[in-house]
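Shown next, in structure tokens, is the structure this report addresses.
In each ligand, atom 1 is the first atom listed, and ligand 1 is the first ligand listed.
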Amino acid sequence: MSGKATLEYDGKKIELDAAIGSENEVGLDITKLRANTGMITLDPGYGNTGSCTSDITFIDGEKGILRYRGYAIEELAEKSSFMETAYLILYGHLPSQKELNDFDSGVAAEAGLHYSMKSHFDGFPDNAPPMAILSSMLNTLACYNTELLTTATEGDGFDIPASKIISKVRTIAAWAYRTSRGRPYMPPCPNLSYSGNFLHMMFSQPFDLHEIVPEVEKAIDLFLLLHADHEQNCSTSTVRMVGSSRANLFSSVAAGVGALWGPLHGGANAAVIEMLENIHTNGIKLSDYVDAAKDKNSDTKLMGFGHRVYKSFDPRAKILKEHVDRVLKALEIDDPLLDIAKQLEEVARHDEYFIERNLYPNVDFYSGILLRAIGIPVNMFTVLFAIGRMPGWIANWREMLSHNQRICRPRQVYTGENLRPYVPIGNR
Ligand code: SDX
């Protein structure tokens, strides 16, 4: 495949180099376009624009392929753990037993929060959205780690803040939940797994430790693993954008939380449950709901359906759908929302509108039912998405800086007023 393309406009011709990836994706390199032609490209929403080259995650949306550092998501989901996968995404290889033990204990050692951070939690109103608490407390962490506010990408300067944030994001999330319930903060328990410790900090009470059910611990771990990275999605691109100004890791991931919060992105898992509950509670006919989702004049969407990249099944949705069945059986839960979700999927999958637009269930369609089954409140769903995505955000921040990438500063095509003279207020 030739590594060149020719662009011709208004009598001018320019040759563009083609960057060809390890999976034969082709990206036309336009880094010299404006300097050589005065022109730029235009791509609102960046559906056709590659922001970087990356070694971390590969997605083939047509084939429903997702790989972290070359490993298939299906294999990692079956054989790996969130901690091992986080190490893989951060450092590029599956860890040896010693590397994993060291990483695990480094993360475990960082689970606590400085005691005075408690007063920040106490300052939030009971109805404070947990995503708002998460974003602000990640930035607050920077106040307690001023010596780590660097852009180091190697050694302790990177390893320590990375482990701190991966560990403490979980504690902040659990304490955000307890703030909203008016419950005392539960300190981490070092001899529990990453996911077990999260459940403990969420649900244990003083003198009444929460029983960590293995199926629930595994479900949380799988949920986090499946969300650990997803190439240049909205929130990861935000982390890269903020980090490109050489902002520190704490403020970069705090910005990622803000982007993830939106219902078109990480907020969709909660929106799916609200949609299914609405259908269930109000006895809405599934075909009527699907018709509303197709109607451009309605602001109804089939939440959990569609994806910018996947034009076939999101492999994570497939894995979650199978796992939800197993967890509900193990916990002897019969959730009517799961039946509604499956029937809704069936109706949509046979509907021309969805078929011709390649709209399939995405990661959010079944994930909310899994979280609901294990007792996570809906307003914490996107928080768990953020906990899972943290290794991916950190790895992308590091990769962008290790490539010494210039500050992100897109151009625009101006469509406003041409030059006009100022009019004194008396003459307007
Ligand atoms: C995540 O990018 C990532 O990798 C994200 C993520 C990750 O791991 O980081 O995978 C996580 O965010 C998953 C997506 C969660 N969001 C939702 O489930 C919300 C519902 N989905 C849609 O809002 C939408 O599908 C998006 C936002 C996911 C994708 O939007 P795009 O790529 O901009 O697609 P589009 O809006 O241009 O849709 C193309 C067509 C349009 O119809 P036409 O104008 O062509 O007639 O499909 C329609 C859309 O109206 N469409 C939908 C629909 N999704 C797209 N119609 C009804 N219901 C939907 N859900």
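Contact annotation for Leu359 and ligand 1: only side-chain heavy atoms (C-beta onward) come within less than 4.0 Å of the ligand. Contact annotation for Tyr353 and ligand 1: only side-chain heavy atoms (C-beta onward) come within less than 4.0 Å of the ligand. With a 4.0 Å heavy-atom cut-off, ligand 1 is reached by the backbone of Leu264 and by its side chain too. At a heavy-atom distance under 4.0 Å, no atom of Lys294 approaches ligand 1. At a heavy-atom distance under 4.0 Å, only side-chain atoms of Arg357, from C-beta outward, approach ligand 1.
In this structure, Val309 does not count as a contact residue of ligand 1, since none of its heavy atoms falls inside 4.0 Å of the ligand. In this structure, Gly304 counts as a contact residue of ligand 1, since one of its heavy atoms falls inside 4.0 Å of the ligand. Within the structure, the closest approach of His227 to ligand 1 does not fall below 4.0 Å when heavy atoms are considered. Gln232 does not count as a contact of ligand 1, since none of its heavy atoms falls under 4.0 Å from the ligand. Ligand 1 is approached by Arg316 to a heavy-atom distance shorter than 4.0 Å.
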query = Given Glu277 and Arg372, is the salt bridge (Lys or Arg N to Asp or Glu O under 4.0 Å) satisfied, shown in steps?
reply = CA-CA 12 Å; Glu277 279 175 339; Arg372 180 179 138 100; 2.9 Å; yes
key: Pair Gln97-Asn101, side chain to side chain donor-acceptor pair (under 3.5 Å): steps then yes or no   = CA-CA 6 Å; Gln97 191 59 61; Asn101 293 347; 2.9 Å; yes
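Using bins of under 30°, 30° to 60° and over 60° for the plane-to-plane angle, the ring pair Tyr185/Phe121 lands in the tilted bin.
The backbone N or O of Gly64 lies less than 3.5 Å from a partner atom in the side chain of Ser312, making a donor-acceptor pair.
Applying the side-chain contact (heavy atoms from CB on, under 4.5 Å) criterion to Cys189, with sequence neighbours excluded, gives Asn191, Leu192, Asn197, His200. Scored by the salt bridge (Lys or Arg N to Asp or Glu O under 4.0 Å) test, Glu110 finds Lys164, Lys168 as partners (sequence neighbours excluded).
Of all protein heavy atoms, the one lying nearest to atom 24 (C) of ligand 1 is Phe305 O, 4.3 Å.
Those atoms of ligand 1 that come under 4.0 Å of a heavy atom in Arg308, given as number and element, are 29 (C), 31 (P), 32 (O), 33 (O). Residue contact check: Asp364 has heavy atoms under 4.0 Å from atoms 1 (C), 13 (C), 14 (C), 15 (C) of ligand 1. Atoms of ligand 1 found under 4.0 Å from any heavy atom of Ala268 (numbered from 1 in listed order, with element): 15 (C), 16 (N), 17 (C), 18 (O).
Backbone and side-chain nitrogen or oxygen atoms of Lys296 are examined, and one is located within less than 3.5 angstrom of a nitrogen or oxygen of ligand 1. Of the N or O atoms in Arg389, one or more lie within a sub-3.5 Å distance of an N or O in ligand 1. Distances between N or O atoms of Phe354 and those of ligand 1 include no value under 3.5 Å. Looking at Met303 next to ligand 1, no N or O pair under 3.5 Å apart turns up. Remark: ligand 1 and Asp314 share no N or O pair separated by less than 3.5 Å (distance only, no angle test).
In this structure, atom 34 (O) of ligand 1 has no protein heavy-atom contact shorter than 4.0 Å. Distance screen at 4.0 Å: atom 30 (O) of ligand 1 has no protein heavy-atom neighbour inside the cut-off. Inside a 4.0 Å radius of atom 37 (O) of ligand 1 there is not any protein heavy atom. Protein heavy atoms come within 4.0 Å of atom 17 (C) of ligand 1. Protein heavy atoms are absent from the space less than 4.0 angstrom from atom 26 (C) of ligand 1.
Aromatic ring centres of His114 and His120: separated by at least 6.0 Å. Side-chain rings of Phe305 and Tyr360 stay apart, their centers remaining 6.0 Å or farther from each other. Remark: aromatic rings of Tyr310 and His230 are close, center separation under 6.0 Å. The aromatic ring centres of His323 and Tyr366 sit 6.0 Å or more apart.
Checking each of Phe198, Tyr177, Phe223 against Ile376 for a side chain to side chain contact (heavy atoms under 4.5 Å, CB included) leaves exactly one that passes, namely Phe198.
Across Pro263, Ala259, Gly306, Gly45, heavy-atom proximity to atom 28 (C) of ligand 1 is greatest for Gly306. For atom 3 (C) of ligand 1, the nearest non-hydrogen atom from the set His307, Lys301, Lys311 belongs to His307.
Using a 4.5 Å cut-off on side-chain heavy atoms (C-beta onward), Thr300 and Met275 make no contact.
Side-chain polar atoms of Ser167 and Arg170 form a donor-acceptor pair below 3.5 angstrom.
Relative to the ring axis of Phe354, Arg349 does not place its NZ or CZ within 45° and under 6.0 Å from the centre.
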